[in-house]
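Inspection log for the structure reproduced underneath, given as structure tokens.
Throughout, numbering of the chain's residues begins at 1 and tracks the sequence. Values below: every heavy atom of this structure, side chains too, minus hydrogens, waters and symmetry copies.
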Amino acid sequence: MLWAVTIAGVLALLVLDFVVTRKPHEVTIKEALGWSAFYIALPLAFGGFIWARFGSGEGVDYLTGYVVEKSLSVDNLFVFMLLLAAFAVPTALAQRVLLFGITGALILRGIFIALGAAALQTLDWAFLLFAAILIFTAIKLLRDTIQGHDQEVDISGMRSVRLLRRFMPVTDEYHGTRLTIRQDDGRRALTPLALAVVAVLATDIVFAVDSVPAVFGITEDPYLVFATNAFALLGLRALYFVLHAALARLVHLSYGLAVILGFIGLKLALHWAHGIWPSVPVIPTELSLIVIVIVLTVVTLTSLRATRNALPAKEDIPADRR
């Protein structure tokens, strides 16, 4: 029943988002803040329900998993921002592209969660595999950040985009929220909006490979893993417009996420070793939550300090964005 109610609630929220974005419009900061507040209050209230209904253990697991997913989703917004800029997506259509991306991400996370839960139940070394994925990702993220490659997106190099261009023509201009149009010669053609949506969906696969093992490192409960992923993703559309200007200032976020992924990878490795050698210590979830919050706080403060002179003047900010 809990699974059914949660999935129905997620679908209802997605339908609501599609209704809200059916008419393209530029999102004001007031609108974005309102939706962001809603999508933060909702998962926190749900966490209160989990805590009251199932106990503090599950409550802490949910809260820790949600914080991990939310921090990873903020980093994902960097890539979304770059993709929207690379495809020159009009501001009024940006939220529709994000919504398609969020929907695809939810479907992919559901598949990955089911596969991950099955692997943990049947394969003794699944925890070690997840640990290796997270540690490898942390090292790659840290290396790319140091080398300055963490915010590069090569549209022409994306296989999904190249594949679409080979099979269908692409128009030069956007046509509202339409993904395809019929040309004068009667042939169907893709709009640039379709390419942007496909590019975002392609990046969702990479994000799912990172985030699902990360939450399984916090809790083995597939329901909590799904709930934390769903709530973290649902608020991305509004959060994008709230953080659009601030994202450029979070210059140290990738370092913090690398530390978090590496830490959770270590937690998974110790959990696997503890099952074989009981004397091996394990990292409690409460400690994980403390470490994650401290890391995120530190990188946020150091980022703001490093970019304190990069704030735009008030007169440079459009009136509808203040």
Side-chain angles (χ1 to χ4, degrees), residues 60-61 64-79 105 108-109 111-152 203-222 224-225 228-229 232 250-300 302:
V60 172
D61 286 349
T64 307
Y66 175 72
V67 172
V68 169
E69 283 303 303
K70 203 63 178 177
S71 60
L72 290 173
S73 67
V74 171
D75 189 56
N76 296 350
L77 289 180
F78 277 110
V79 179
L108 288 170
R109 301 291 172 88
I111 295 173
F112 275 70
I113 289 169
L115 294 175
L120 292 177
Q121 291 178 358
T122 58
L123 302 175
D124 295 335
W125 45 268
F127 282 105
L128 191 60
L129 175 63
F130 283 7
I133 291 174
L134 292 179
I135 293 174
F136 172 79
T137 303
I139 295 173
K140 184 178 183 300
L141 180 59
L142 185 61
R143 183 191 62 192
D144 290 345
T145 303
I146 293 174
Q147 295 177 350
H149 298 156
D150 58 317
Q151 295 188 25
E152 294 182 0
T203 61
D204 284 337
I205 299 176
V206 179
F207 296 153
V209 172
D210 297 340
S211 64
V212 172
V215 184
F216 270 118
I218 303 299
T219 175
E220 299 176 42
D221 188 335
L224 291 181
V225 174
T228 54
N229 272 269
L250 297 177
V251 294
H252 297 159
L253 179 62
S254 295
Y255 292 103
L257 293 178
V259 172
I260 290 173
L261 291 176
F263 175 78
I264 298 176
L266 175 62
K267 183 178 186 293
L268 279 171
L270 291 175
H271 181 84
W272 169 80
H274 181 78
I276 301 176
W277 304 287
S279 60
V280 175
V282 295
I283 300 176
T285 303
E286 293 81 0
L287 178 59
S288 300
L289 178 59
I290 294 173
V291 170
I292 292 167
V293 171
I294 290 176
V295 170
L296 291 176
T297 302
V298 170
V299 297
T300 299
T302 58

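- The two atoms that bring Ala131 and Ala269 nearest to each other are CB-N, 3.7 Å, heavy atoms only.
- No option in Asp221, Val225, Leu224, Leu289 other than Leu224 meets the side-chain contact (heavy atoms from CB on, under 4.5 Å) test with Asp61.
- The structure places CG of Leu287 at 9.5 Å from CD1 of Ile292, a figure rounded to the nearest 0.5 Å.
- Once rounded to the nearest 0.5 Å, the distance linking CD of Glu220 with NE2 of His271 reads 4.0 Å.
- At a threshold of 4.5 Å between non-hydrogen side-chain atoms, the residues Thr219 and Thr64 do not count as touching.
- Considering all non-hydrogen atoms of both residues, Leu268 and Gly217 come closest at CD2-CA, 3.4 Å.
- In this structure, the separation between CG on Leu128 and CD1 on Ile135 is 8.5 Å, given to the nearest 0.5 Å.
- For the side-chain contact (heavy atoms from CB on, under 4.5 Å) with Ser71, the lone residue among Val299, Leu257, Val293 that qualifies is Leu257.
- A pairwise comparison of heavy atoms in Pro222 and Ile113 identifies O-CG2, 3.9 Å as the closest pair.
- Thr228 approaches Val215 most closely through the heavy-atom pair OG1-CG1, 3.5 Å.
- Here the closest non-hydrogen pair linking Lys267 and Ile283 is CE-O, 3.0 Å.
- Counting all heavy atoms, side chain and backbone alike, Phe263 lies closest to Val291 at CZ-CG2, 4.0 Å.
- If you take CD1 on Ile139 and CG on Leu142, they are separated by 8.5 Å, rounding to the nearest 0.5 Å.
- The CG atom of Leu266 lies 11.0 Å from the CG atom of Leu134; values are rounded to the nearest 0.5 Å.
- Here the CD1-CD1 distance, from Ile264 to Ile218, works out to 4.5 Å after rounding to the nearest 0.5 Å.
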